[in-house]
Asker: 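Have a look at this one before I ask anything.
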Amino acid sequence: MLYGIGNVGSRLLAFLLIPFLTFFLEREEIGYYDLTFTLILFLTSLTTLQMRESTFRLLIDNKDATYRKNIISCTFFIESCIFSVLLLIALFFPLFVHIRHYVLIIISIYTYSIYELYSQAVRALYSTGKYALMGIITSILTALFTFSILLIFKTGIEGLFIGNILSRILSVCIIEIPRREFIRNLSVRHIKKESIKEILHYSIPMLITAIAIGVISSCGKFIVEHLYGLEENGSLAIVEKFMTIISVLGLTFYQAWQETAVKNFRESESSKFFSYVFNKYSLLLTLLVICVSFGLRSFAPVLIDKKFHQGVDLIYIFGIGGMFHCFAMFLEITFQCTKQTSKILYSILSCAIITPIISVFLIQKYGVMGNVVAFSFSFLYLFVFRYFQTKKSLPIKLGKDFCFSMLLLVMNGFLFYGFHNSLIDYFVLFISSISLLLYFLYMNKRFIKK
C-alpha cells in the first residue's frame, strides 16, 4: 500500500504535467527533450553500475549494522571513483563535440545518480513510508519548479532540466538533514575489498540488463529521429508519457513483489503462490491498458494540444508492449531471489540484438507505427523467453485469468483500430473502468474489511 501511495502520488503529478507541456512546448522541443532525457537515464545506469539494485538487495537481507555500513560506504566509494572519471571526461568532451544544454545534462546525470542510490538505501534501511514520501516530495517540487520556470521565465526545455535537478537535490536534503541517518552509515574505514566484490558481483549483470533494456525501449526513438525528425519523435514521446499510468502500476507492483518474493521463494508452495499472483496481475494490467487507451482517445481534444493528436492511435499497441515488459520484470525477480542475476543476460541480450534489426525494418516501412510495433514485439519476445527459462527453477502456470486477459486484448484491439467511433470509445472506457475498479476492490477485499 505504501509503495502504491508513493508511486501513484508521485507519478500522478508527473502525469498531470503532460497536458501542460503540450500547450507550452513545440513537438520538436519535446522530441529533443525526450531523446536527451532517455540518454540521461541510460548514462545514469552506467555511472551507477546499476548499484541501486545491489544496494537494496544486499541491505534488505542483512540486519547487521557493520555489514550495512560496509555496503553503503563501498557503494558510494565506487560511485565517487566513477564521478571523478566522468568529470575529467566531461571537461574535455566539449572541445571535440558541441552538445546543446551540455552543462545541464552533466549536472542531471550527477543528480540522478545520487538520488537513485540514496532512495534505494532509504527503501532498504528505514521504511517504505519514508521512501514513498521521498517520491511524492520529488514530484511536487518538480511540478512546482517546472510550472514556475516555464510560466514566469519562459525558458523552454531548460525549465524541465532545472526543475528535475532542483527537485531531486532538495528532496534528498529534506529526507536526510533532520536526522542524518544515512550519513552516519558512511565511513572510510568501512570500505572493504570483500564488500566491493560482492556489490559488483551482483550489480554488473544488472548493469548489462539495464543497458539492454535501454536499447530495446529507446533505439526506435533515435531511428525515428534520424528518418523523420524531432517533430515525429515529439508526438511519440507524448503518447509514451501517457502510458506512465501502466508503468506506475508496474513499478509499484515490482517493488512490493520484490520484497514478498524474496521472503516466500524458499517455501514449498512458492511455485503455486507465484503463479496465482502472476495470473491476477495479468488481468489487472490488461484492464488498465484498455482503460487508458480508450480514455486517452476519448479525451485527447481536452487533454493535449491538437498538434499532438496524430500520435493517439499508437497508444494501444504501446500499452501492450508496456504490459509485456511488466510481465518480463515479474519473471526477472525469480533470478534476483536466488542472487543468480547472470541468468537474466541470456534473454535480455538476445532481445537487445534483434530489436534494432526489427526496428529499422518496420520504421522504414511503416513509420512511427513501426517503432511501436517493434517495441511491443520485443517485450513479448522477452516475456516468452523468460517464461520458458524460469520453468527449470520456478514453473509459472498460465491460468484462466491470463488466457482471458489475452482474449480481451485481441477483442478490444479490434474495436480500437476497427472503429473510430466516440460512442464505442466511451462505452468501452466505461465498462473497462468499472471492471478495473471492481477487480481491484475484489483483490483487496481483506485489506478493505480491516
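Hydrogens, waters and symmetry mates play no part in the numbers below; they use all other heavy atoms, side chains included. Computed from a predicted model, the values in this text were never measured in an experiment.
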Asker: Quick one: does Thr48's side chain get under 4.5 Å of Tyr112's, heavy atoms only?
Answerer: no

Asker: With a 4.5 Å limit on heavy-atom distance, are the side chains of His325 and Ile216 in contact?
Answerer: no

Asker: Can you measure from OG1 (Thr390) to CZ (Phe385) and round to the nearest 0.5 angstrom?
Answerer: 11.0 Å

Asker: In Å and rounded to the nearest 0.5 Å, what is the CD1 to CD1 distance from Ile71 to Ile196?
Answerer: 10.0 Å

Asker: Check whether the side chains of Ser113 and Thr47 place a donor and an acceptor atom closer than 3.5 Å, and report yes or no.
Answerer: yes

Asker: Between Ser359 and Thr355, does a side-chain contact (heavy atoms from CB on, under 4.5 Å) hold up when you go through it step by step?
Answerer: CA-CA 6 Å; Ser359 296; Thr355 298; 3.8 Å; yes

Asker: Roughly how far, to the nearest 0.5 Å, is CD of Gln389 from CG of Leu382?
Answerer: 9.5 Å

Asker: Tell me whether the rings of Tyr110 and Phe83 are parallel (<30°), tilted (30 to 60°) or perpendicular (>60°).
Answerer: tilted

Asker: Looking at Glu26, I'd like to know if its CD atom is crowded, meaning that more than 12 non-hydrogen atoms belonging to other residues, nucleotides or ligands lie closer than 6.0 Å.
Answerer: no

Asker: Quick check: closest heavy atoms across Lys69 and Arg184, and the distance to 0.1 Å?
Answerer: CE-O, 4.1 Å

Asker: More than 12 non-hydrogen atoms from neighbouring residues, nucleotides or ligands closer than 6.0 Å to CZ on Phe77, yes or no?
Answerer: no

Asker: Are more than 12 heavy atoms, taken from residues, nucleotides or ligands other than Phe93, located less than 6.0 Å from that residue's CZ atom?
Answerer: no

Asker: Check for a donor-acceptor pair, side chain of Ser376 on one end and backbone N or O of Ile320 on the other, with a separation under 3.5 Å.
Answerer: no

Asker: Distance from Lys192 atom NZ to Asn70 atom CG, nearest 0.5 Å?
Answerer: 6.5 Å

Asker: Once you measure the plane-to-plane angle for His101 and Tyr32, does it fall in the parallel (<30°), tilted (30-60°) or perpendicular (>60°) bin?
Answerer: tilted

Asker: For Ile317 and Phe375: C-alpha separation, side-chain torsions, deciding distance, then whether side-chain contact (heavy atoms from CB on, under 4.5 Å) applies.
Answerer: CA-CA 9 Å; Ile317 299 178; Phe375 170 85; over 6 Å; no

Asker: I need the Leu285 CG to Phe278 CZ distance, nearest 0.5 Å.
Answerer: 9.0 Å

Asker: Please report the interatomic distance OG(Ser432) to CG(Leu288), rounded to the nearest 0.5 Å.
Answerer: 9.5 Å

Asker: Could you tell me how the ring of Tyr387 sits relative to the ring of Phe383: parallel (under 30°), tilted (30 to 60°) or perpendicular (over 60°)?
Answerer: tilted

